[in-house]
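Notes follow the structure.
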Amino acid sequence: MKKVLALTLALCLTLAMAACGGGGTSGGNTGGGNTGTNSGDSDGGQSSGSGQKTVGIAMPTQDLERWNRDGAYLDEQFQAAGYKTVVTYSNNEVDQQVNDIQNMLAQGVDLLLIAAVDGNALNTVLDDAGADGIPVIAYDRLIMNDNVSYYVSFDNYTVGTLQGTYVKETLDLDNAAGPFNIEFTGGDPADNNAPFFFNGAMDVLKPYIDNGKLNVVSGQTDFNVVGTEQWQTDAALDRAQNVLGSYYADGTQLDAWVCSNDSTALGVAQAITSDYTGSNTVIITGQDGDVANLRNIKDGIQSMTVYKAVNNEVLATLDLAKAILDGSSIDESLIASAGWDFDCDYDTQSYETTPGHTCPSFLLVPDVVTADNLEEKLVTPGYYTVGSDGYLQAANG
Ligand code: BGC
């Protein structure tokens, strides 16, 4: 059954990507980590006298919806700006990603843009990039290597505080009598973002755990215990079923489940639907605005998602990459000169690639999406359209 669901989702994704024509599998590199070079046709991105520049785009996997969106849109936008691109997806496998990046270096890319499978596992290949003088942008996920030139992401800690604050306000923790029962599901411990999300949510909610207003019935509050390897829906589902079976089967009411993102929220929601015996609606948080989760939000199965506009993250990355490749000096002024119609902070303090070595970061601002503002936040700006079935679908899907 789980396999059927996963296959159906994979098929939907494949169809969506094929329909949008955004080039999610450019150069014949569908998930297998093969590399291929695509050529943009406009005349931007030229190096002086030495032809078109090439950007290597290394994405972690096609198994999770968001990286298909990121990979396709990065490819499309860099090509439209006149760069050649090499796009790879590494099946969430570290060795594969190392190999993919090595191939990109061998092909002579001028810039690397990497969303890491494991931020701690790319040292050798990034040292090679450094030795070759190839700039590296850590895309969305920071890489623990000082050869990373810049980091572009959303404010990851704020993603977590938005999730925690949503729970705090929905349960009215400052006023309601409580106590309420809550559980947590975190992200992949190999992803540098995951503890930021978890800590953001926990920092908002811990005072209420400490004063007894919130009760984590399983007692599982440690990031390493609640984490989900590779952000897999099935892993989140399995753990949620175990928690429900062990701690809630006697009829104990569950009020909220903080999930760090949508792929894990999907598993938790499935476990609650199948294994939770209570009749109340459990608050479930998420992140990304994946199509299946937007469905669940509309149906009242998931309560919210923290939306991070991938299109904006891509545009910020493109302008940063252009500035790097043009040899411009880069600082906060890029934000004003780029003229983006979205907010972005330049942060030189928060993210360290090694202890004491901070990485200049461009951090975009995440937003809360619920059933009440789905259309205003996602349809009006053009990120999604409403399908004939009333559910949201990718705008160009
Ligand atoms: C991203 C999230 C995503 C997760 C799993 C994180 O690094 O920031 O948006 O949900 O990876 O793909």
Side-chain angles (χ1 to χ4, degrees), residues 9-10 13 24 31 58-74 89-94 97 113-122 137-144 148 151-163 185-201 223 226-236 258-269 284-294 296 302 304-314 316-317 350-351 361-369 383:
L9 280 173
L13 270 176
M59 295 285 110
T61 178
Q62 290 193 298
D63 290 347
L64 298 170
E65 181 176 324
R66 81 152 287 185
W67 304 111
N68 290 279
R69 276 190 268 143
D70 290 81
Y73 201 60
L74 282 163
Y89 298 88
S90 308
N91 287 328
N92 257 339
E93 283 169 21
V94 167
Q97 191 164 47
L113 208 158
I114 304 170
V117 171
D118 180 339
N120 289 302
L122 296 178
I137 297 177
Y139 181 79
D140 201 81
R141 299 173 169 176
L142 191 59
I143 305 164
M144 302 304 120
V148 174
Y151 178 43
V152 179
S153 194
F154 280 80
D155 181 336
N156 298 303
Y157 182 81
T158 297
V159 169
T161 64
L162 290 173
Q163 294 167 337
T185 290
D188 184 354
D191 178 349
N192 187 64
N193 289 350
F196 280 88
F197 303 144
F198 179 78
N199 292 336
F223 171 70
V226 305
T228 310
E229 208 177 315
Q230 298 194 342
W231 297 93
Q232 281 173 2
T233 299
D234 281 357
V258 175
C259 300
S260 283
N261 86 330
D262 279 354
S263 60
T264 55
L266 214 53
V268 167
I284 302 176
T285 68
Q287 164 188 197
D288 287 332
D290 287 352
V291 169
N293 299 74
L294 296 176
N296 278 355
Q302 180 173 325
M304 61 88 83
T305 190
V306 176
Y307 186 65
K308 307 191 296 189
V310 163
N311 292 10
N312 295 342
E313 194 172 5
V314 167
T317 306
S350 303
Y351 288 93
S361 306
F362 290 88
L363 302 177
L364 286 73
V365 181
D367 203 3
V368 171
V369 168
Y383 301 133

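Both ligands and their constituent atoms are indexed starting at 1 by order of listing.
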Heavy-atom side-chain contact between [X] and [Y] under 4.5 Å:
X	Y	value
L162	P366	yes
D290	L266	no
K308	V159	yes
F154	L363	no

- On the 0 to 90° scale, with breaks at 30° and 60°, tag the Y139-W67 ring pair as parallel, tilted or perpendicular. perpendicular
- Message: Once you measure the plane-to-plane angle for Y351 and Y151, does it fall in the parallel (<30°), tilted (30-60°) or perpendicular (>60°) bin?
- Response: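 Plane angle over 60°, so perpendicular.
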- Query: Got an N/O contact under 3.5 Å between N156 and ligand 1?
  - Reply: no
- Message: Between ligand 1 and S263, is the shortest N or O to N or O distance under 3.5 Å?
- Response: no
- Task: Report the part of F197 (side chain from C-beta onward, or backbone N, CA, C, O) that has a heavy atom under 4.0 Å from ligand 1; answer both or neither where that applies.
- Result: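 It is the side chain that gets close, since no backbone atom is under 4.0 Å.
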What protein heavy atom sits nearest [atom], and how far away is it?
atom	result
atom 12 (O) of ligand 1	W67 NE1, 2.8 Å
atom 8 (O) of ligand 1	D140 OD2, 2.6 Å
atom 4 (C) of ligand 1	W231 CE2, 3.5 Å

Atom indices of ligand 1, in the order listed, that fall short of 4.0 Å to a heavy atom of [X]:
X	result
N261	3 (C), 4 (C), 5 (C), 10 (O)
R141	4 (C), 5 (C), 6 (C), 7 (O), 11 (O), 12 (O)
Q287	2 (C), 9 (O)
L64	5 (C), 12 (O)
K308	1 (C), 2 (C), 8 (O), 9 (O)
D191	6 (C), 7 (O), 11 (O)

- Please round to the nearest 0.5 Å and tell me the distance separating atom CG of D140 and atom CD1 of I114. 13.5 Å
- Message: Return the CG to CZ distance between N156 and F197, rounded to the nearest 0.5 Å.
- Response: 4.5 Å
- Of the listed options (V310, D288, D262), which comes nearest to atom 10 (O) of ligand 1 when hydrogens are ignored and any heavy atom counts? D288
- Task: Would you please determine whether F154 falls within less than 4.0 Å of ligand 1 on a heavy-atom basis?
- Result: no
- Here the pair of heavy atoms bringing A265 nearest to G286 is CB-CA, 4.4 Å
